[in-house]
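We're numbering straight along the sequence, starting at 1.
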Amino acid sequence: MNLKNIPQIKHTESGNFFLLAGPCAIEGEEMAMRIAEKLVSVTDKLEIPFVFKGSFKKANRSRVDSFTGIGDEKALKILQKVSKEFGVPTVTDIHTNEDAVMAAEYVDILQIPAFLVRQTDLVVAAANTGKTVNLKKGQFMSPESMKHAVQKVLDSHNENVMVTDRGTMFGYQDMIVDFRGIPTMQQYASTVLDVTHSLQQPNQTTGVTGGRPDMIETIAKAGIAVGVDGIFIETHFDPANAKSDGANMLHLDYFEGLMTKLVAIRKTVNQF
């Protein structure tokens with residue numbers, strides 16, 4: 001994938017990793033704009049190529065009473081406003097073929113959730129929009145198996161594809177990151193490490209996912225040291241009251257400090 005093919009992306013000559021970051025879900029316009037403003041300010045200062053992330057709806061929920069969204073078109077229009085207001089590209093998840101067509105009108109990158117990455121029709125529908133496609137590795141899949149998902153996009157005459165590792169299930173209620181998978185997947189496509197989802201702790205008892213936000217810096221540093229192409233981080237100014245995945249999100253107050261450290265590590269790695 002050529003990063004320059006993503007509309008409005010900046011700082012592509014900086015030598016930095018690229019970043020997909022934002023809230024788990026779009027909860028409203030004010031919160032999205034507040035988070036975007038902070039992320040754009042920091043990434044411009046540090047010259048990090050940045051894509052604003054936000055789910056326009058959350059279809060993969062454990063419980064029927066979990067928050068799923070504020071309305072598809074309403075949330076997509078907020079993502080579009082973020083893009084226009086701050087001059088940055090945007091990415092959102094899709095769950096159906098119809099979502100692909102609809103979301104492509106508003107965002108620059110279509111993301112295939114990990115649970116759905118083997119759904120051929122969905123992957124092909126995303127690829128056929130011509131948008132960049134981000135394929136999240138299933139928690140149940142090996143790094144080697146992601147070459148087939150990538151090939152589906154390429155066979156749809158779309159070379160704008162990336163792969164994102166979001167951890168591998170370790171037992172029933174924990175996840176691990178196998179850093180050996182990053183160079184493996186880099187053979188197939190540009191590879192991103194989803195730091196915050198890799199720290200989820202699925203809870204089958206209550207249906208509310210937990211997490212280890214205290215380990216975000218550790219996993220992120222390791223990913224940069226290994227040489228990952230991009231980093232994916234969900235962040236919020238009030239994770240405790242976020243409507244989705246708050247337990248493993250990075251508090252917005254810590255964002256600049258973490259990015260500063262990661263940029264310094266990347267500069268060191270680039271010397272070798």
For this session: Show your working on side-chain contact (heavy atoms from CB on, under 4.5 Å) between Tyr188 and Gln151 and close with a plain yes or no.
Result: CA-CA 8 Å; Tyr188 320 133; Gln151 194 62 48; over 6 Å; no

Exercise. Does the side chain of Met102 come within less than 4.5 Å of Glu73's, by heavy atoms?
Worked result: no

Problem set entry | Pairing residues for His148 by the ring-ring contact (aromatic ring centres under 6.0 Å, His included) criterion, not counting sequence neighbours | none

For this session: For Met175 and Met169, run side-chain contact (heavy atoms from CB on, under 4.5 Å): C-alpha distance rounded to whole Å, both residues' side-chain angles, the deciding distance at 0.1 Å, then the answer.
Result: CA-CA 5 Å; Met175 305 191 76; Met169 288 305 300; 4.0 Å; yes

For this session: Enter the distance from Ile219:CD1 to His197:NE2 here, rounded to the nearest 0.5 Å.
Result: 14.5 Å

Exercise. What's the spacing between Asp194 CG and Asn248 CG if we round to 0.5 Å?
Worked result: 8.5 Å

Exercise. Counting distance only, does the side-chain N/O of Asp99 pair as donor-acceptor with the main-chain N or O of Ile94 below 3.5 Å?
Worked result: no

For this session: Would you confirm whether Ser41, through its side chain, and Lys38, through its main-chain N or O, come within 3.5 Å as a donor-acceptor pair?
Result: no

Problem set entry | Test item: side-chain donor near acceptor, His236 and Asn241, under 3.5 Å | no

For this session: Taking the side chain as every heavy atom from C-beta outward, state whether Lys45 and Met259 have any atom pair closer than 4.5 Å.
Result: no

For this session: Consider only side-chain heavy atoms of I, L, V, M, F, W and Y, link residues closer than 4.5 Å, and tell whether Ile176 and Val195 are in one cluster.
Result: no

For this session: Verify, without hydrogens or angle tests, whether Lys53 (side chain) and Thr90 (backbone) share a donor-acceptor contact under 3.5 angstrom.
Result: no

Problem set entry | Leu199 vs Pro213 side-chain heavy atoms within contact, under 4.5 Å | no

Seminar exercise, completed: Here the pair of heavy atoms bringing Ala103 nearest to Leu110 is CB-CD2, 3.8 Å

Problem set entry | Beyond-backbone contact of Thr168 with Lys137, side-chain heavy atoms, under 4.5 angstrom | yes

Exercise. Taking side chain as C-beta onward, heavy atoms only, is Lys243 less than 4.5 Å from Lys58?
Worked result: no

For this session: State, yes or no, whether a side-chain contact exists between Leu258 and Ile233 at a heavy-atom distance under 4.5 Å.
Result: yes

Seminar exercise, completed: Heavy atoms of Asn160 and Gly130 approach each other most closely as ND2-O, 4.2 Å

Exercise. Any side-chain donor paired with an acceptor under 3.5 Å for Lys147 and Thr184?
Worked result: no

Exercise. Just wondering, do Pro183 and Met185 contact through their side chains at under 4.5 Å, heavy atoms?
Worked result: no

Exercise. Say you draw a straight line from CG of Asn158 to OG1 of Thr132; how long is it, rounded to the nearest 0.5 Å?
Worked result: 7.0 Å

Problem set entry | Under 3.5 Å donor-acceptor, Thr92 side chain and Phe56 backbone | yes

Exercise. How close do Ser156 and Asn128 get, heavy atom to heavy atom, and via which atoms?
Worked result: CB-OD1, 3.7 Å

Problem set entry | Which atom of Asn270 lies closest to which atom of Gly15, heavy atoms considered | ND2-O, 3.0 Å

Exercise. So if you build clusters from Ile, Leu, Val, Met, Phe, Trp, Tyr with side-chain heavy-atom gaps below 4.5 Å, do Met249 and Met215 land together?
Worked result: no

Exercise. Can Asp253 and Phe237 be said to form a side-chain contact (heavy atoms from CB on, under 4.5 Å), step by step?
Worked result: CA-CA 7 Å; Asp253 288 350; Phe237 50 80; over 6 Å; no

Problem set entry | side chain to side chain donor-acceptor pair (under 3.5 Å) against Glu217, all qualifying residues, sequence neighbours excluded | Lys221, Lys261

For this session: Using a cut-off of 6.0 Å, state whether more than 12 heavy atoms not belonging to Glu159 lie near its atom CD.
Result: no

Exercise. Between Arg34, Lys81, Lys77, which is the residue that forms a salt bridge (charged side-chain N to carboxylate O under 4.0 Å, His left out) with Glu29?
Worked result: Lys81

Problem set entry | Ser83 side-chain N/O to Val88 backbone N/O, donor-acceptor pair under 3.5 Å | yes

Exercise. Is the shortest heavy-atom distance from the side chain of Leu39 to the side chain of Phe255 under 4.5 Å?
Worked result: yes

For this session: With sequence neighbours left out, write down each residue that passes side chain to side chain contact (heavy atoms under 4.5 Å, CB included) with Asp178, or none if nothing qualifies.
Result: Arg180

For this session: Flag yes if Val123 and Val101 sit in one hydrophobic cluster, no otherwise; membership is Ile, Leu, Val, Met, Phe, Trp, Tyr, and two members link when side-chain heavy atoms are under 4.5 Å apart.
Result: no

Exercise. Nearest 0.5 Å, what's the OG1-CE distance between Thr164 and Met146?
Worked result: 8.0 Å

Exercise. Members other than Val91 in its cluster, when Ile, Leu, Val, Met, Phe, Trp, Tyr link by side-chain heavy atoms under 4.5 Å?
Worked result: Met1, Leu3, Ile6, Ile9, Phe18, Leu20, Val51, Ile109, Met162, Val192, Phe232

Problem set entry | Tyr254 atom OH, over 12 foreign heavy atoms within 6.0 Å | no

Exercise. Are a donor atom and an acceptor atom from the side chains of Gln186 and Asp229 found within less than 3.5 Å of each other?
Worked result: yes

For this session: Count the heavy atoms of every other residue, nucleotide or ligand shown that sit under 6.0 Å from CD of Gln187, and state whether that count exceeds 12.
Result: yes

Problem set entry | Parallel, tilted or perpendicular: ring planes of Phe52 versus Phe50, cut at 30 and 60 degrees | perpendicular

Exercise. What is the distance from atom CG of Leu46 to atom CZ of Arg266, rounded to the nearest 0.5 Å?
Worked result: 13.5 Å

Problem set entry | Heavy-atom pair with the smallest gap, counting every atom of Gly54 and Ile26 | CA-CD1, 4.0 Å

Exercise. So which pairs with a foot in residues 114-127 pass side-chain hydrogen bond (donor to acceptor under 3.5 Å, both in side chains), sequence neighbours left out?
Worked result: Thr120-Lys152

Exercise. Distance-only, no hydrogens or angles: does the Thr191 side chain make a donor-acceptor pair with backbone N or O of Val228 under 3.5 Å?
Worked result: no

For this session: Kindly indicate, with the supporting measurements, whether the criterion side-chain contact (heavy atoms from CB on, under 4.5 Å) is fulfilled by Ile48 and His11.
Result: CA-CA 6 Å; Ile48 300 171; His11 311 303; 5.8 Å; no

For this session: Before accepting this row, confirm whether a basic side-chain N of the pair Lys136/Asp93 lies closer than 4.0 Å to the acidic partner's carboxylate O.
Result: no

Problem set entry | Straight-line distance of Ile231 CD1 to Leu19 CG, nearest 0.5 Å | 8.0 Å

Exercise. Just by modelled atom types, is the Thr235 backbone N or O under 3.5 Å from a matching donor or acceptor in the His251 side chain?
Worked result: no

For this session: Keeping the roles fixed (side chain from Asn16, backbone from Pro49), state whether a donor-acceptor pair exists under 3.5 Å.
Result: no

Problem set entry | Minimum-distance pair of heavy atoms, taken over all atoms of Ala32 and Ile78 | CB-CG2, 3.6 Å

Exercise. So, Ser14 side chain and Glu47 main chain: donor-acceptor pair closer than 3.5 Å or not?
Worked result: yes

Seminar exercise, completed: Hits for ring-ring contact (aromatic ring centres under 6.0 Å, His included) against Phe115, two or more places apart or cross-chain, chain-then-number order -> none

For this session: Indicate, with yes or no, if Val177 and Phe170 share a hydrophobic cluster defined by side-chain heavy-atom contacts under 4.5 Å among Ile, Leu, Val, Met, Phe, Trp and Tyr.
Result: no

For this session: Report whether Met141 and Ile112 are members of the same hydrophobic cluster (ILVMFWY, side-chain heavy atoms less than 4.5 Å apart, transitive linking).
Result: yes

